[in-house]
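Throughout, protein chains are lettered first and strands after them, A, B, ... in sequence-line order, and every chain is numbered starting at 1.
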Amino acid sequence: MTQSCDAFAAALLVWFDQNGRKHLPWQKMRTPYRVWVSEIMLQQTQVGTVIPYFERFVARFPDVEALAAAEQDEVLHLWSGLGYYSRARNLHAAARRVVTEHRGKLPTDIDAWQSLPGIGRSTAGAILALSRGKRHPILDGNVKRVLCRYHGIETWAGESETGKALWVLAESHTPKRRLAAYTQAIMDLGATVCVRQQPRCRACPLRRGCSAFLNRATDAIPAPRPKKPRPLRRTRFLILRDQDQAVLLERRPPSGVWGGLWGFPECPVEADPARTCAERFGLKPSGASYLKPRQHGFTHFRLQIEPVLLDVNADANADRIMEARSVLWYKGASSNRLGLAAPVGRILGELPPRAGG
DNA sequence: AAAGCGGGGAA
DNA sequence: TTCCCAGCTTT
C-alpha cells in the first residue's frame, strides 16, 4: 500500500481544515501574480503588517503588465515603510522581464521563477504550490522552526549543513496532493502554533511525533543565530528648509541603505553642516539648529542620526538645483508620491515650525 | 534593547 | 561557496 502522504502531512492537513487561515487577501482570486506579490511582501514581514500594503499594491497594480509599466518611484512609494526595499526593486524588475521575455505570462516551472530577481527556491516553490498546486517544498523561517523542533535538530538553521538537511526533510514531508493546502498549513502552523516563544504545543497536530515536545526542548530549539556585536555609526542629516516650508530631499543611490528611496542629504559628523550646505547646494543657511539625535537599528549596525535643521532662502537657486533629477523640494505627502526612508518620514513629521514663516 | 526574517551579490 | 547586507515588527 502506498500512502499519498506521511503522518506529518496527514495530521497537518486535518488540522488545516479546522484551523488554517483561508481568508487572507491573497487567498481570494489566488492568481500567480497575487500570490507572487504576497510572497515577496511576506518574505521578512508578518501577515498583519503586509495586509494593508498588499491591498494598496494590487489595487494600483492589478496585474504584471500594470506593474511593469509603473515608474520605480511609485512602486517604492507603495512599499515605503515595509523595509527591505530591494524586494520592491527586484519585484518591479522581474515584472518587466516577465512582460518582455514571457509576453506577460507568469512561469509555470520552478527554474524560470528562480531565475527572476528576488525569487529563490523557497519563494518559487511557494508560488507554484499555492497558485498552481504543483509539488514543491518550501523552507521559510516558519517551516525551519517546525522542522527543527519536529526532528530535534539542535544546530542553527542558518548553517549550510543544517539547511541542506532541512531541505531534504521538507521535500520528504511534502505530499503528492493538496499542495496549496499543505503549503499554507505548514506556514500557518509555524505562525500561529509553533511560534518561537511559548509555542502552543497542546494545540499542535504534530506533537505526538515532535522530538522537541517529547523531550521538553522547545525552548532550546531552534538554536539562535550566533550573535555578533553591532557597531555604532554616526551620520548627519541636513534638513534644508526654505521659506515655504519645503524641504530638500535627495534620491539615494540604488544600492545600500534605503536604496532608491528619498532622504535628506547626509554629511559626516566631522564636517561643518552650514559649509557643506553652501558647497553642495549653493545655499547659505540663516541658522543651524541641532535637533535631538536618534538611533536607527539595522541588523549589522546601529546608526545614530544627528539631524541639523538649516533654514535657507531658495528662490534664486531652486531652479538650478532642480536641474539634477536626483534632488527635489518636498512639500508634503499630498504633492509628492515618493518612497521615503522610515526615519526621514518620522523626522519630517516632527519638524518644529519655521520662525516667522 | 535584542532578535527574527529570505534572497542578492560581492568576496 | 561563503560572507555580508538590509529595515521593519515584536518581545
Side-chain angles (χ1 to χ4, degrees), chain A residues 36-54 76 78-94 97 110 113-127 136-149 156-164 166-167 170 183 187 190-192 194-199 219-233 235 252-263 294-305 339-347:
Chain A
W36 175 21
V37 171
S38 74
E39 284 299 318
I40 299 301
M41 288 186 170
L42 288 163
Q43 271 173 0
Q44 290 91 348
T45 313
Q46 299 200 344
V47 165
T49 305
V50 162
I51 287 174
Y53 284 88
F54 177 84
L76 286 172
L78 288 171
W79 210 273
S80 183
L82 259 188
Y84 283 104
Y85 301 97
S86 63
R87 294 185 294 174
R89 293 196 305 275
N90 285 331
L91 176 62
H92 188 216
R97 271 186 45 187
I110 194 160
W113 273 110
Q114 273 190 252
S115 75
L116 294 171
I119 297 174
R121 184 177 174 187
S122 184
T123 303
I127 293 168
H136 295 288
I138 65 163
L139 190 61
D140 68 5
N142 285 324
V143 178
K144 285 178 183 171
R145 188 170 53 251
V146 170
L147 293 179
C148 280
R149 282 183 173 149
W156 177 48
E159 223 167 84
S160 76
E161 288 303 309
T162 307
K164 284 180 200 166
L166 289 171
W167 271 114
T183 302
M187 293 191 295
T192 65
C194 195
V195 293
R196 190 153 209 329
Q197 281 163 336
Q198 299 176 346
D219 285 348
I221 301 177
R225 143 197 308 271
K227 56 178 156 192
K228 293 178 184 166
R230 286 192 311 168
L232 182 67
R233 296 185 197 167
T235 189
R252 301 183 57 88
S255 61
V257 174
W258 301 307
L261 297 182
W262 293 80
R294 54 187 72 217
Q295 286 209 4
H296 194 77
F298 292 92
T299 306
H300 299 291
F301 62 95
R302 290 167 299 147
L303 186 65
Q304 171 149 308
I305 297 166
L340 296 180
V344 172
R346 275 198 294 275
I347 291 169

Of A/Lys164 and A/Leu82, the one whose closest DNA chain C nucleotide lies more 5': A/Lys164
Counting any heavy atom closer than 4.0 Å, what does A/Gly48 reach on the DNA or RNA strands: base, sugar-phosphate only, or nothing? nothing
Determine the Euclidean distance between corresponding C1' atoms of B/dG7 and C/dT10; express it in Å to zero decimal places. 22 Å
For the pair A/Asn142 and A/Cys194, evaluate side-chain contact (heavy atoms from CB on, under 4.5 Å) and give the outcome as yes or no after the intermediate values. CA-CA 8 Å; A/Asn142 285 324; A/Cys194 195; over 6 Å; no
Protein within reach of the bases, or only the backbone? For nucleotides 5-11 of chain B, mark each nucleotide 5' to 3' as B, S or -, using heavy atoms under 4.0 Å. BBSS---
Mark yes or no for whether A/Arg97, through its side chain, and A/Leu116, through its backbone, hold a donor-acceptor pair below 3.5 Å. no
Out of C/dT9, C/dC8, C/dT2, whichever nucleotide has its closest atom nearest the side chain of A/Thr49: C/dT9
Report yes or no: does A/Tyr53 contribute a side-chain atom to a donor-acceptor pair with the main-chain N or O of A/Ser80 at less than 3.5 Å? yes
Could you work out which one of C/dT2, B/dG4, C/dC8 sits closest to the side chain of A/Pro224? B/dG4
Nearest-Å distance, CD (A/Glu159) to P (C/dT2)? 11 Å
Length of the line joining A/Arg346:CZ and C/dT9:C1', which is rounded to integer Å: 12 Å
Whole-Å distance, A/Tyr85 OH to C/dA6 C1', equals 10 Å
Please assess A/Asp140 against A/Gln43 for the test side-chain contact (heavy atoms from CB on, under 4.5 Å), listing each intermediate value before the final yes or no. CA-CA 8 Å; A/Asp140 68 5; A/Gln43 271 173 0; over 6 Å; no
In this structure, how many angstroms lie between the P atom of C/dT9 and the CH2 atom of A/Trp79, rounded? 14 Å
A/Arg87 side chain vs A/Leu82 backbone, donor-acceptor pair below 3.5 Å: yes
Test your reading of the model: is there a side-chain donor-acceptor pair from A/Arg252 to the backbone of A/Gly263, 3.5 Å cut-off? no
Determine whether a donor-acceptor pair (N or O, by modelled atom type, separation under 3.5 Å) exists between the side chain of A/Arg196 and the backbone of A/Pro222. yes
Can you tell me how far C1' in B/dG8 sits from the matching atom in C/dT9, rounded to whole Å? 23 Å
Integer-rounded Å distance: B/dG4 C1' and A/Gln46 CD: 9 Å
